Asks: 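This is the structure I have questions about; it appears just below.
Just so we're clear, the structure is a prediction, and the values are computed from it rather than from any experiment.
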Amino acid sequence: MADPHPNGPKPVQITAGRIGLYTFLVVAALFFLLPLYTMVVTSLKSMDEIRLGEIFALPARLDFSAWMTAWSGACMGTVCVGIRSGFWNSVAITLPSVALSVFIGAVNGYALSLWRPRGANLLFGLLMAGGLIPYQIFLYPMVRAMANIDLYNSLAGIILVHVIFGLPLVTLLFRNYFVSVPEELCKAARVDGAGFWRIFFEIMLPIAVPMVVVVSMLQFTGIWNDFLLGLVFAGRDNLPMTVQLNNIVNTTMGERTYNVNMAATILTAIVPLAIYFLSGRWFVRGIAAGAVKG
Amino acid sequence: EDKPTIEIMSSWTSGGEAAALNVIKTEFEKRGGVWKDSSIAGFGAADAAFQNRIVAGDAPGAKQGVIGLAAADFVSQGLFNPIDDVAAAGKWADALPKSIQDLISYDGKVYLAPTGAHGESWVFYSKEAFDKAGISQEPKTWDEFFADLDKLKAAGVVPVAWGGQPWQQTKVFNMILLSQVGIDGFLKIYADKDKSEASVEGAKKTLAILGKLRGYVDAGAAGRNWNDATAMLITAKAGVQFMGDWAKGEFTVAGKVPGKDYGCMIAPESKGMVYIADSLWFPKTGNAATDKAQKLLAEVVMDPTVQVEFALKKGSVPMRSDVDKSKLDTCAQKGAELMSADAIVPDQAIVLTPQQVGALDDFVDEYWSGGSDDAGAAAKNFFAIFE
Amino acid sequence: MSIKRKANLSATIALLPTWFVAVAVFIGTMAWSIRLSFTNSTLFPSSIYVGFAQYSKLFSSAKWLASLQNVLIFGVLYVAGCLLLGFLLAAALDRKIRFESAFRTIFLYPYAMSFVVTGLIWQWMLNPTLGIQASVRSLGWESFVLDWVVNRDMAIYALVLAGVWQGAGLVMVIALAGMRGIEAEQWKAARIDGIPVWRIYVSIILPQLGPALAAAGMLLAMGVIKTYDIVVAMTNGGPGNATEVPAKFIMDNLFGRQNLGLATAGATVLVLGVIIAVAPFRYAMHMRGKAKGAA
Amino acid sequence: MQSAVSVKDLKIAYGDHTVIEKMSIDIAPREFLVLLGPSGCGKSTLLNAIAGLQDITSGEVWISGKNVSWEEPKDRGIGMVFQSYALYPRMSVRKNLSFGLRVAGLPKDEIEARVARTAALLHLDKLLDRRPAELSGGQRQRVAIGRALVREVDVFLFDEPLSNLDAKLRNELRVEIKKLHQRLGNTMIYVTHDQVEALTLADRIAIMRDGVIQQLSSPAEIYRRPANLFVAGFIGAPAMNFVEGRIERGDGPLVFRSKGLTIDLSDYSFRAAVAEGPATLGFRPEHLVLDGAESGLPTILGRVSVVEPMGSDAVVWFDWADQSLSLRLMGDVTLEPGDAVAPGLDIAKASLFGADGSRL
Amino acid sequence: MQSAVSVKDLKIAYGDHTVIEKMSIDIAPREFLVLLGPSGCGKSTLLNAIAGLQDITSGEVWISGKNVSWEEPKDRGIGMVFQSYALYPRMSVRKNLSFGLRVAGLPKDEIEARVARTAALLHLDKLLDRRPAELSGGQRQRVAIGRALVREVDVFLFDEPLSNLDAKLRNELRVEIKKLHQRLGNTMIYVTHDQVEALTLADRIAIMRDGVIQQLSSPAEIYRRPANLFVAGFIGAPAMNFVEGRIERGDGPLVFRSKGLTIDLSDYSFRAAVAEGPATLGFRPEHLVLDGAESGLPTILGRVSVVEPMGSDAVVWFDWADQSLSLRLMGDVTLEPGDAVAPGLDIAKASLFGADGSRL
Ligand SMILES: Nc1ncnc2c1ncn2[C@@H]1O[C@H](COP(=O)(O)OP(=O)(O)OP(=O)(O)O)[C@@H](O)[C@H]1O
Ligand SMILES: Nc1ncnc2c1ncn2[C@@H]1O[C@H](COP(=O)(O)OP(=O)(O)OP(=O)(O)O)[C@@H](O)[C@H]1O
Ligand SMILES: [Mg+2]
Ligand SMILES: [Mg+2]
């Protein structure tokens, strides 16, 4: 700026850096959106058009029939009711699983970080090791155990399984969060006469709300998207949406209708997606509130 | 109420498959059965679900599965109910090719109810692409075949619509092998694990042909689903596809007619057909009503009309030799003839253990994508599978 | 009995279910797996012990060796890639950007999607005849090559790419939260020192995000060992063994190939490997925590 | 003489909310100016504007005779020390000191020489290889000062550099900063809300309130003749005692009357002629003499409520009328809560404020 | 008389690391005891042990004549105020105050009455429905105190309740706490590391170092006759001046000699007979008289380095021999850096410490 006498606010300049920054963001956004775009576009095409193999091309004509089929017409075996039949199963599995695992995880994190009873470190170590084991290995013995306690092929059973497998992650996150809560808060409540549970429910849980949001969202996504555990443990009356999705998508020798597949996928993902779109702000806030620390 | 009730676990979820399954269901229900459907697509997922149900002591009444050693394992563990009496009453032995009858029996008892067979030695071709390349006749020998592929290439068409997944590749390997060693040679290798000079020579020639095919596939072949390959024929982007007869389903859905828009031929120089046979398995459930239903279901499956109707819907070949083949399409008729003549050899899944099947897939895939043309060394690896 | 211990009784009781899970489920399963890995179990557990036979079979299997190598390459690149891209995205969003929350959502949404079908999409996009390569070529750049899924040498990177696509958003959120937590005065101090912005991110902010990024890395690493869906959906292990991974190897042998002994041997090796890899890290954390507590 | 720093008609607003209102200050070279004021009055904002860390709405900032209103912070020839220290946490002390120099591309030996000089000056020699986390609060603050010093500039800006430290350290470092200023002779602008720091360090104090300077004078002047009630109440610990009443013209001289108290104002030096009317009388605790009657001064009768011994002196709080007043005594105090006192007030040292709050 | 709180042979260790070493204290009812000491000396640990929040290794804690060593905190009849306030973040002020009462299951109107009483006492009436985040620092601290008060117990424990506040607020709240103590007459144990708080608030001060009590006396005694060098240096701002030298028997009386300075010790009241040997002389800044020669006291010749005016008084730092000494002056000071001074020392008010650091 050649102004000989600067006065007032510095004039805003559009710098090369700014342009580069936006370019980077836009390119990144395209990269992230491309798969979703492709899915949506494909779901709106007819199979004839899809066979042409131009996956990025816009559909010649908007055709929502694949969506209808996916939702209420696609066959699984001899039953042709679409994936909607699994929707409520998914809800019935996911909500209690999330609520329970978040609750147990919160209690664990609270007890491990603020009370540190004997063996706390060992327990935490075991949980972390458990979190690293590929869970396919658990299937076989778990099935046996669940059958023994009569929970195999039941809603309660699949919920229990999700809670067990979610425990390591959920505990880790809550423990990290509660470690940053001042110990004095706990002490003050103890002077006030509150015990372990009272402190948890009346003081710690309300503080941990941002964390509960984060963990709930992570767990929700994980459990909603789960296929294998639902397939093995839920029983045929409780199969989640992902199993129906798999039935539509994953045929070996039958013909494939990609438009229906894509529509079914988007429909299956719509609940977690909606949650991220609507409460992404809370998610970020929760993380900022100390959800993930070293 | 003691209606025979049964839960059927199948991995038939696509349109054609479901329609075929429905044939059985309708007849079963007509005869007073109660049908409960549990479908899980994908072999891996279905296997996992089935095995875990057994582990949990909660086996389904019937499971759709391939005839072969996978089933044998369950039978030898005593987990399946025999259906000997049904087979005897229905005189299955007379109606089925001898080789099939042997395969569904263990220790002299019949355990599996065959639903239909798929021919796997098929070469489909796009008439439009053939026209474009100026090919007027189906090639009879591999030399002719490769000459035609060259023509296709010259015409700017992808010669072979290759499905680059291990199981698809293994099927191609087998159809070439059959064309090189003949029916007896094929059975010697797979059933008797024969390693004689002739077998090794045959394997080498097979591998050479397979290796040569690499030059005729497009860049996007790896990992391609078979139906995507079929789509390439439907849109005349590619000339030929090696696939089982289920590929007809894709053509049909796209409105293509066999013999008119596309053709089907048995692999060049081949005297017979590789087949894979589906069946129903009947796990022990400890439930009398289910046992009853299993017998009823076995009856239904082998009913001549059901066999034909089922084959029509599924695009497969009926198991019974004594049914009316006139309703079948031209490809299926060719298959049915070979079947009746017992000019058939089993898919590896029928004669090999699951571990060996896996190893065979690994071997073919390794050879195909490894890029080596050393057929001699590769043949040695091939026979190592059986050890 | 001391006061603290009396009060801790409730805490101990509250942790009992978790203890039960940790011991009965996690340790129990591991013990079960280890036992079976010494038997010749095929479809169902058997009690015929065969010593280390399954292990020697395991380590002579090209597929297993390849899968170990692959998961290592994939793990390192995937975690590093997520951290790098996530950090870059966070840094970009940290620069007072318009539509920040829209961008944030776009970067985060893949985390909500499963790979059952996104895997197929990625397979298409990286397929030379269908996807990006074909599109770019049709725009006139004839020599453009992006054939990762079908290329033996590149297929593993295709997995990494799709994995990063899914996981980077999470890192971005964590890093962004960390950046927002850095006090404004550090920025001021750096501006007075005349440090260029990129240098501030690299030399001052990045080191401070260390713990948060380590935690994010831990979350991602937990996923790496379990990597299965993405592989099955995108490449099913191919071409050749190029993208085989241990979880898939175990799953295949557990069910399709009916080889329980081999599968449990694989699992045992995997878990031992993980423990060996993680133990020093955890120990260091533990010691650091101790040092912090005493300070 | 050219000003070291000067701010001309400076205005700073966040949207509608004006934080600094048309402010002009000239700061002489080598001067130690303290900006003092309650939290939120705009001290940091002003300091940041001088440093170039804050956009200005209108007006100019000049440093060393140059209009730097649009210059980058690094080009303004300033060094700055922050309340939170703002050390780079993952760098050693040495790196903290040298980072800016390295980025600026100075030659290696020059950097080393400067770091060594600064470290010696601040007794940081032995700490050079430690990380900030391994330093005590006082050491961290010294490093923060070092980071500003190493830039070798003429103007230093301090934003509440001591307020995160405990009382003892604060006292020690305060003396060190004062010595540093005497030794280096730089211009320093120092923000604080601690009046002890302001009084002890400043050549001049600018007392701010809501973005407006209330008084800009030497510490002694501000302490003795506060320009208005706000300044009077803000400076001094314990705070100045205020008594509300009226100035009246009795028979002859002006008197201040409040709740039964009458004080002759003949000895008070008014700024200008004064009429009758409401007024506030302010006097500091040490301007009360315990033995009021003996000294012949007007006395305030009260009853002791709290005694705060502080070692060398003590503050005695006593209740008078409906309020609590304080008086400061030297040495040991034998008064107890409940004792009656009658301290005398030296009106010559007191301050009178008019109805608008400004000094009469 | 029965002690309100007493600690007997208390030992606290974390593993091998002993934090409190065989400590015994008796605190009388209504007494205000301040625990003073540097960071990490074990003050909080001791307070927590009294409250029952900390495992003790050996020894006993008695409150109101009862051995409570194994009691839960809530059953000990104590209230506690924390440095970080530790208010329950998601509860309103009202709920913060009443939480403990609700836990104890008190009847509703009793709770309301107590909360109202406490709120009135601490002027919290208008804040009852706010959340802690909506309060200023001082208000939060008052709520924290209220939460202890509302329990209506005999013993209050304060752990550095003011150290998070700024100087002005700290001064104000200090007086309020003192008044509260006078009004309520509870026993209070108050931890701080700020010596001004200790001096102004305490009936007795216990000065701790590394888990051991150094001196337990009234503030005046501690200020005037510190038991050892540590106590002497810890109390007083600016700190006591120390001069190292020797006690020698010259021709007649004992003298203290150091770097050319000779001081007659006839006026010093030794605790016990003293031999010749190395010693440290300590004197507070206010024990130097500016016009040393006139007053006939031994003089220390020096040159002014820093002058710190503080309004009512000023601290002058001057260089003598190789060290810096301080002296405190009342009122206005005209000294400037560089001026020569010759202040006189009143040895009767000074302290002498032997080679082991304890007072002679
Ligand atoms: N980014 C901002 N947007 C809007 N208002 C702001 C912003 N930053 C500061 N303010 C307001 O400007 C005023 C002055 O803030 P400033 O930080 O300068 O106060 P200060 O005198 O330094 O206070 P303190 O002693 O607490 O540091 C405050 O009222 C504050 O609320
Ligand atoms: N959980 C613990 N494990 C081991 N050592 C500890 C623990 N808590 C405190 N300490 C040690 O005990 C000693 C006393 O700590 P304490 O908190 O009582 O000090 P303090 O006098 O209150 O200090 P401050 O003034 O900083 O609050 C310190 O040396 C500290 O390091
Ligand atoms: Mg400020
Ligand atoms: Mg403490």
Side-chain angles (χ1 to χ4, degrees), chain C residues 83-84 87-88 90-91 94-98 100 171 174-217 281 284-295, chain D residues 44-45 47-55 71-92 95-106 131-136 143-151 153 155-161 164 191:
Chain C
L83 291 178
L84 182 69
F87 179 79
L88 287 178
D94 190 37
R95 305 265 68 217
K96 300 204 177 68
I97 285 291
R98 276 162 168 276
E100 183 194 316
V171 177
I174 292 171
L176 189 59
M179 285 173 189
R180 296 279 151 87
I182 285 179
E183 29 160 17
E185 292 197 340
Q186 293 220 2
W187 271 99
K188 295 183 178 175
R191 279 186 68 194
I192 287 186
D193 268 352
I195 321 281
V197 172
W198 68 268
R199 193 84 200 254
I200 297 181
Y201 278 106
V202 173
S203 300
I204 298 173
I205 295 192
L206 184 58
Q208 292 187 67
L209 293 187
L213 290 180
F281 177 71
M285 296 265 285
H286 180 66
M287 293 314 284
R288 205 182 66 184
K290 250 190 178 168
K292 226 190 253 168
Chain D
S44 299
T45 306
L47 204 68
N48 285 332
I50 294 173
L53 297 169
Q54 164 76 53
D55 271 351
E71 298 279 353
E72 277 294 300
K74 68 173 158 65
D75 302 323
R76 294 191 178 201
I78 50 150
M80 190 157 174
V81 179
F82 297 90
Q83 173 174 359
S84 64
Y85 323 131
L87 300 181
Y88 310 134
R90 296 306 173 104
M91 296 187 190
S92 66
K95 283 210 165 170
N96 261 285
L97 295 179
S98 62
F99 192 48
L101 305 180
R102 277 185 292 137
V103 169
L106 259 64
R131 294 259 186 104
E134 298 159 2
L135 299 177
S136 72
V143 176
I145 293 173
R147 197 173 53 184
L149 285 187
V150 85
R151 294 174 54 77
V153 289
V155 178
F156 284 127
L157 309 175
F158 291 84
D159 194 351
E160 312 203 14
N164 277 2
V191 165

Asks: Could you measure the distance from the OG atom of C:S203 to the OH atom of D:Y88? Nearest 0.5 Å is fine.
Replies: 9.5 Å

Asks: How many angstroms lie between atom CG of D:L157 and atom NZ of C:K188, to the nearest 0.5 angstrom?
Replies: 11.5 Å

Asks: Run the side-chain contact (heavy atoms from CB on, under 4.5 Å) check on C:I195 and D:K74 step by step: do they pass?
Replies: CA-CA 9 Å; C:I195 321 281; D:K74 68 173 158 65; over 6 Å; no

Asks: Could you look at C:A190 and say if it's the side chain, the backbone, both or neither that has a heavy atom under 4.5 Å from chain D?
Replies: both

Asks: Could you measure the distance from the OH atom of D:Y85 to the CD atom of C:E183? Nearest 0.5 Å is fine.
Replies: 10.5 Å

Asks: Roughly how far, to the nearest 0.5 Å, is CD1 of C:I192 from CG of D:D75?
Replies: 11.5 Å

Asks: Please walk me through it: do D:F99 and C:I204 pass side-chain contact (heavy atoms from CB on, under 4.5 Å)?
Replies: CA-CA 10 Å; D:F99 192 48; C:I204 298 173; 3.8 Å; yes

Asks: Can a salt bridge be assigned to the pair C:D193 and D:R151 using a cut-off of 4.0 Å between side-chain N and carboxylate O?
Replies: yes

Asks: What are the two closest non-hydrogen atoms of C:G194 and D:V103, and how far apart are they?
Replies: O-CG1, 3.6 Å

Asks: Identify which of D:S84, D:G52, D:G100 forms the greatest number of heavy-atom pairs closer than 4.5 Å to chain C.
Replies: D:S84

Asks: If you measure from CD1 on C:I205 to CZ on D:R90, what distance do you get to the nearest 0.5 Å?
Replies: 13.0 Å

Asks: Which pair of non-hydrogen atoms, one from D:Q83 and one from C:E185, has the smallest distance, and what is that distance?
Replies: N-OE1, 3.5 Å

